[in-house]
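To find a chain, count down the sequence lines: A is the first, B the second, and so on, and within it residues start at 1. It should be emphasised that the depicted structure is a prediction, and the values quoted were computed from it without experimental measurement. Computed over heavy atoms, backbone and side chain alike; hydrogens, waters and symmetry mates excluded.
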Protein chains: 2
Amino acid sequence: MKPYLLQTLKELALLGAIPNKIELSSHERAQQLETSQQTASRYLLELDLQQMITREFGVKKQLIQITITGADALENEYMSYKQIFDLTNKVVFKGKLVSGMGEGKYYTGQKGYAEHFEKQLGFVAYPGTLNVEIEYIERNKIRLLRSYGGIQIDEFQAENRTFGNVVCFKATINGKEGAIVLPKRSHYATVLECISPYNLRETLGLHDGDTVEVVAYIQ
Amino acid sequence: MKPYLLQTLKELALLGAIPNKIELSSHERAQQLETSQQTASRYLLELDLQQMITREFGVKKQLIQITITGADALENEYMSYKQIFDLTNKVVFKGKLVSGMGEGKYYTGQKGYAEHFEKQLGFVAYPGTLNVEIEYIERNKIRLLRSYGGIQIDEFQAENRTFGNVVCFKATINGKEGAIVLPKRSHYATVLECISPYNLRETLGLHDGDTVEVVAYIQ
DNA sequence: ATTACTAAGCAGCGAGTAA
DNA sequence: TTTACTCGCTGCTTAGTAA
């Protein structure tokens, strides 16, 4: 949705156009927006075509009301702002399911990790990880997440080798309880490794390439 | 502020650019926005010029962080959405102080009104009304307000004439406790008549033409 | 009064490119 | 690789105007 249409919709909502029909001529709207009557009219026309508003024409002015579709678009925008200011206790990632290299199963199978996961996350991890590839640009969010600390799992020895430090964050994967596991070093991975008490692939009926939403929680 | 700049700023914030510096090249931003590298670069440049973001250039990419000014702009936008969805228990008007025609004093001085005000609003109104002229377009908000009912004050007889029905809403005038009084009929006034236990002009140091914020509360 | 069409003018977009 | 300049061209804006 074009930013200027969203802005128009928002300003209509501020005048009460979600619960009520509001009286507004394109000329008035033009003054409010500091543009021409023609542009204001065109914006309203575009919103109408996109089913964001309904209009009734009288002899004077028009009665405008925001539709469910329009209100949804606004609410969506609102959620983004909530994300920024309020709910900084969560970070939302969108990505695609990819196949791991079988490593996740080996690691999560390690007694050391399994015990830590149970003690610190409160669940027994199903063997293996669900790997979600995020947009490259969203690696900034991983950095954001790291800055909050998270649940640290220390180095330990097993099978004659050292397993490195990892940091976990409680998370939901398409709504299902779980956690994401980040290596302590290497700040810019673009794959989120998720663990969960459930077999996520089966429970959620996921296949490679499916879109997955991972919500990580801070504290 | 141009809507597309606000959108850019919002998306930077979603990547964590308020607390952190984020790594982002104009090319990446272009892909995210589905536009050209040049346009993305220009947007970032504009935000920089408007002091909404700061940038540090390395050999690769740039480190971007949102400034206080930028965060304020976003917070302001956030408040608008809050207004729409959450705090529909208040309606915010902005207007200018105008001189009444001395009528307010006569009316508020009437025993009938004075008693009602005290009983239903919980304060003794200072004689007279503070008149705030709102933008013509905001009369839609008055309609919105009316749709919530408000505190009704019935007709009464005094001095051999009938005083009409009015509807009140508890309100704050530049933060000071008070109420607005709307005639029951005549749906589209553009002047809000405010009453208060205080002499608002004096207490707030207001003069004609000053900008006044009136927040009306629904129940 | 309105809304909104057509057409002209101009701002913003992006290809090419320099640094 | 980057960022961001110039410049031709497209598409948005607005004046004029019809309905």
Side-chain angles (χ1 to χ4, degrees), chain A residues 1-9 11-12 15 17 21-67 70 135-137 139-140 143 187-188 190, chain B residues 1-9 11-12 15 17 21-67 70 135-137 139-140 143 187-188 190:
Chain A
M1 188 175 183
K2 291 173 185 171
Y4 63 83
L5 289 184
L6 198 68
Q7 202 211 19
T8 304
L9 205 59
E11 285 176 19
L12 293 176
L15 292 171
K21 289 169 187 165
I22 61 166
E23 270 189 22
L24 185 73
S25 71
S26 53
H27 179 71
E28 278 178 273
R29 175 63 197 143
Q31 289 191 318
Q32 191 189 23
L33 193 62
E34 296 181 324
T35 184
S36 67
Q37 172 270 325
Q38 291 87 340
T39 295
S41 175
R42 189 160 31 83
Y43 285 7
L44 292 174
L45 199 61
E46 281 183 64
L47 283 173
D48 197 346
L49 285 172
Q50 292 189 26
Q51 322 254 320
M52 297 285 176
I53 59 171
T54 56
R55 297 190 292 170
E56 289 169 34
F57 298 92
V59 252
K60 289 180 144 226
K61 315 213 161 142
Q62 47 186 320
L63 292 174
I64 298 175
Q65 188 161 25
I66 294 176
T67 62
E135 290 292 313
Y136 184 61
I137 206 172
R139 75 201 182 288
N140 283 302
R143 198 164 143 167
H187 272 225
Y188 283 132
T190 56
Chain B
M1 188 176 184
K2 291 174 187 171
Y4 63 84
L5 289 184
L6 198 68
Q7 202 211 18
T8 303
L9 205 60
E11 286 176 18
L12 294 175
L15 292 172
K21 289 171 188 164
I22 61 165
E23 269 188 24
L24 185 72
S25 72
S26 54
H27 179 71
E28 278 179 89
R29 175 64 195 141
Q31 289 191 318
Q32 191 189 25
L33 193 61
E34 297 183 323
T35 185
S36 68
Q37 173 271 325
Q38 289 88 340
T39 295
S41 175
R42 190 160 30 86
Y43 285 8
L44 292 173
L45 198 62
E46 280 184 63
L47 282 173
D48 197 346
L49 285 172
Q50 292 189 26
Q51 324 253 317
M52 296 286 175
I53 59 171
T54 57
R55 297 190 292 169
E56 287 170 34
F57 298 92
V59 251
K60 287 182 143 222
K61 315 214 161 142
Q62 46 186 324
L63 291 175
I64 299 175
Q65 188 161 24
I66 294 176
T67 62
E135 290 291 313
Y136 184 61
I137 206 172
R139 74 199 184 288
N140 283 303
R143 198 164 143 167
H187 272 225
Y188 282 133
T190 55

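- Contact check of residues 33-48 of chain A against DNA chain C (heavy atom, cut-off under 4.0 Å) returns A/Gln37, A/Gln38, A/Ser41, A/Leu45.
- Remark: P of D/dA4 and CD of B/Glu28 are 15 Å apart, rounded to the nearest angstrom.
- B/Leu24 places its CG atom 12 Å from the P atom of D/dA4, with the value rounded to the nearest Å.
- Atom NZ in A/Lys2 sits roughly 9 Å away from atom P in D/dT13 (whole-Å rounding).
- The side chain of B/Gln62 sits closest to D/dT3 out of C/dT3, D/dT3, C/dG12.
- In this structure, CZ of A/Phe57 is placed 18 Å from P of D/dA19, rounded to the nearest angstrom.
- Here the closest heavy-atom approach between residue A/Ala40 and residue A/Ser26 is recorded as CB-O, 3.3 Å.
- Remark: B/Arg42 engages no residue in a salt bridge (charged side-chain N to carboxylate O under 4.0 Å, His left out) (not counting sequence neighbours).
- Close to D/dA4, at under 4.0 Å from its OP1 or OP2, lies a side-chain N or O of B/Arg55.
- Counting only heavy atoms from C-beta outward, the side chains of A/Gln32 and B/Glu135 never approach each other to under 4.5 Å.
- Distance, A/His27 NE2 to D/dG16 P: 16 Å, rounded to whole Å.
- Within 6.0 Å of the CD atom in B/Gln37, the count of heavy atoms belonging to other residues, nucleotides or ligands exceeds 12.
- At whole-Å resolution of the value, CD in A/Gln31 and P in D/dT14 are 14 Å apart.
- Atoms CD1 and CD, on B/Ile53 and B/Gln62 in that order, are 7.0 Å from each other to the nearest 0.5 Å.
- Rounding to whole angstrom units, CD1 of residue B/Ile64 and C1' of D/dA4 are separated by 14 Å.
- Of the inter-residue distances, the one linking B/Glu23 atom CD with B/Leu63 atom CG reads 6.0 Å to the nearest 0.5 angstrom.
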